[in-house]
Amino acid sequence: MADELIIAGRAFCSRLMVGTGKFPSPEVMRDALDASGTEIVTVALRRVDLEYPGQDLLSFIDRSRYLLLPNTSGARTAKEAVRLARLAKAAGLSDWVKLEVVPDPRYLLPDPVETLKAAEELLSLGFVVLPYINADPVLAKRLEALGTATVMPLGSPIGSNRGLKTRDAIAIIIEQAEVPVVVDAGLGAPSHAAEAMEMGADAVLVNTAIATAEDPVRMARAFRLGVEAGREAFLAGRAPVKERAEASSPLTGFLETIS
Amino acid sequence: MSFVQELDHLPFEELEAAALSSNDDSVSRALSRSALGGLDLHDFAALISPAAGKRLEDLARVAHALTVQRFGRTIQLFAPLYVSNECVSTCAYCGFSRPNQVSRLTLSPKDVLEEARLLLGQGFRHILLVSGDHPKKVSTSYLEEVIGLLHPIVPSISLEVATFPEEDYRRLASAGVEGVVVYQETYKRDTYSAVHLKGPKRNFQWRLDTPERAARAGMRRIGIGVLLGLANWMRDALALVAHARYLMRRCWQSFLTVSVPRLRPAAGGFVPLHSIGDREFVQLVCSLRLALPEAGIVLSTRERPELRDGLLRLGVTHMSAGSRTMPGGYKGQVYAEPQFELEDHRTPAEMAERVRALGYDPVWKDWEAVLHGYDHC
């Protein structure tokens with residue numbers, strides 16, 4: 001049976017989502033998307049020029065091949081996020097939305113309260129909602145209970161390339177989740193992506209590490225392989241990590257001799 | 001609380017002395033700390049020191065890496081739209097200064113719309129409305145009317161006009177203004193008084209507190225800066241970084257940009273009191289990137305093309321192009337005096353092509369009009 005990722009009833013073969021910011025040119029972005037094998041591409045609505053279609057980065061994304069996932073980057077309140085999502089829907093871009101409510105332009109950390117409010121409203125409007133959150137297991141369960149399609153906890157702050165700094169909390173989110181868990185933000189190397197997948201994450205989202213590499217296309221391929229390797233390792237059931245060396249002769253063997 | 005208390009207690013003499021006595025070790029220490037994000041004002045003093053000037057290539061490498069990590073290989077393009085050159089302040093260095101016998105003009109809101117349409121046609125989606133210091137001609141009501149016309153077609157509108165009370169900024173934010181740009185020009189009080197001779201701009205602290213007022217009123221983007229050539233550049237750079245850090249703590253919901261324009265020849269014939277050479281200017285831009293990894297750095301067409309092209313890889317994130325610094329300048333049929341002379345006369349299309357040739361993506365649009373407004377107040 002194929003190892004498919006199912007989100008809101010839709011099946012995907014790739015478990016790598018890719019962001020479209022920070023690339024040195026739209027052509028490089030297009031080639032990197034191709035090399036990554038991704039099927040879900042996220043785009044900041046603030047970068048999309050709805051007034052002048054065909055002149056911006058959307059025209060470099062083949063929508064017959066990729067699911068376009070608009071994000072609400074720039075929104076710092078629930079109201080603003082909802083406004084952006086409705087704009088995307090009205091323009092026929094998508095009724096899927098990667099919900100980002102980020103009041104802090106410096107560390108780009110999401111606001112849990114506004115995210116929850118926005119998710120509730122967007123769900124009531126019929127959107128498929130994929131919320132970006134801090135690695136907070138309780139918030140993840142609350143969003144899941146509302147009906148979000150995934151939860152997307154951050155590994156470390158966006159663009160920091162620091163890897164899974166929130167590893168322990170992400171492990172709890174994965175253990176408890178009944179919707180796909182997508183580790184988003186902070187993954188700086190394919191090994192970080194592999195680590196998240198080995199832990200049992202359903203998918204990862206990568207942007208900065210690919211877009212700002214010296215060779216973004218090659219790095220996109222590297223992430224594809226990292227994600228596949230991590231997923232294979234998870235499915236193979238990796239041997240548990242042992243805290244200390246184990247004695248090779250049993251400590252209770254004497255019981256056999258005295259019986 | 002105001003930045004003025006912090007400014008008045010900054011140990012400038014000590015910091016300037018530290019800069020002048022910096023050696024290779026203090027520069028190395030500052031460089032290694034900047035990679036980790038833990039740079040203090042003493043480190044910044046080391047980075048702008050003559051000793052660091054000898055290690056410009058090292059500074060440039062770190063500045064480049066930090067910029068690419070944060071912003072990618074992208075340059076956001078914007079255009080200034082001068083709505084008026086009328087001014088009630090007397091400022092020794094500025095072409096718009098009240099006593100200057102130049103032709104004066106304030107565009108009607110419809111004329112502003114016409115200029116904006118020309119800029120949209122050139123590709124711009126980020127427009128900065130600029131004027132002299134005339135709170136009556138370019139009033140909050142006038143600006144509301146202008147913004148009412150522009151907002152449906154311009155995704156991002158910012159202001160570099162007279163300074164206003166918080167209430168006015170609140171009105172302007174809800175009308176659709178994304179950002180406010182207000183340069184202190186110089187943080188040195190005696191120099192400030194010596195060049196700002198008359199008018200509302202003479203009030204040092206009011207101006208100093210303006211970015212904070214604007215952010216409190218809901219402005220999403222705040223631009224600060226100094227005009228290099230008025231006071232010693234090291235001192236103003238130290239104060240600028242301190243101000244930026246203060247604003248990042250206090251106004252943590254607003255995106256901060258910094259700018260360090262060099263004084264250009266203008267009507268009135270003001271001669272710069274201090275100068276900063278190209279090499280030091282590049283050192284300053286790199287040092288600002290190291291001290292403020294998350295801030296935008298804005299570079300105008302005051303600088304020469306060769307310098308702009310070089311700085312594009314060293315920390316600069318926002319650039320104007322094809323600028324006209326007089327009201328009505330894009331249409332070009334009405335005549336009014338420019339604020340200052342320009343050095344880079346490339347058209348927006350030529351600039352975008354050059355950005356691409358340098359391996360960067362020229363970004364015309366990175367905001368959405370529906371994001372304006374503040375829901376918390």
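Each chain gets a letter, A, B and so on, in the order the sequences are listed, and its residues count up from 1.
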Are more than 12 heavy atoms, taken from residues, nucleotides or ligands other than B:R171, located less than 6.0 Å from that residue's CZ atom?
yes
Decide yes or no for A:R106 and B:M248: does some side-chain heavy atom of the first lie under 4.5 Å from some side-chain heavy atom of the second?
yes
Rounded to the nearest 0.5 Å, how far apart are CZ of A:R47 and CZ of B:R125?
12.5 Å
Which heavy atom of A:G74 sits nearest a heavy atom of B:W367, and at what distance?
O-CH2, 4.0 Å
Structural part of A:V28 lying under 4.5 Å from a heavy atom of chain B
neither
Quick check on A:L87 against chain B: is it the side chain, the backbone, both or neither that has a heavy atom closer than 4.5 Å?
side chain
Counting only heavy atoms closer than 4.5 Å, note whether A:T72 contacts chain B via side chain, backbone, both or neither.
neither
Between the OG1 atom in B:T74 and the NZ atom in A:K22, the distance rounded to the nearest 0.5 Å is 8.5 Å
Decide if atom CD of B:E160 counts as having more than 12 heavy atoms of other residues, nucleotides or ligands within a radius under 6.0 Å.
yes
If we only count heavy atoms from C-beta on, is the A:P103 to B:W252 side-chain gap below 4.5 Å?
yes
Give, for atom CD of A:E80 and atom CD of B:E368, the distance between the pair rounded to the nearest 0.5 Å.
11.5 Å
Taking B:D366 first and then A:R46, would you say they form a salt bridge - that is, a charged N and a carboxylate O separated by under 4.0 Å?
yes
Side chain / backbone / both / neither for A:S25 at chain B, heavy atoms under 4.5 Å
backbone
Would you give the length of the straight line joining atom CD of B:Q69 to atom OG of A:S160, rounded to the nearest 0.5 angstrom?
7.0 Å
For chain B, find its close neighbours in residues 212-224 of chain A: heavy-atom separation under 4.5 Å, sorted by number, or none.
A:T212, A:A213, A:E214
Interchain contact, B:Y360 with chain A, by part (heavy-atom threshold 4.5 Å)
backbone
All heavy atoms of B:G359 vs all of A:P24, minimum pair found to be O-CB, 3.3 Å
Counting neighbours of CZ on B:R250 that are heavy atoms of other residues, nucleotides or ligands and sit closer than 6.0 Å, is the number greater than 12?
yes
Bottom line for B:R70: the part with an atom under 4.5 Å from chain A's heavy atoms is both
NZ/A:K89: more than 12 non-hydrogen atoms of other groups inside 6.0 Å
yes
With a 4.5 Å cut-off on heavy-atom pairs, point out which of B:S254, B:A295, B:P155, B:A369 contacts chain A the most.
B:S254
Smallest heavy-atom separation, A:F23 atom then B:D361 atom, equals O-CB, 3.5 Å
Identify the heavy atoms of A:R76 and B:Q253 that sit nearest to each other, and give their distance.
NH1-O, 3.0 Å
Assess whether atom CZ of A:R30 is packed by more than 12 heavy atoms of other residues, nucleotides or ligands within 6.0 Å.
yes
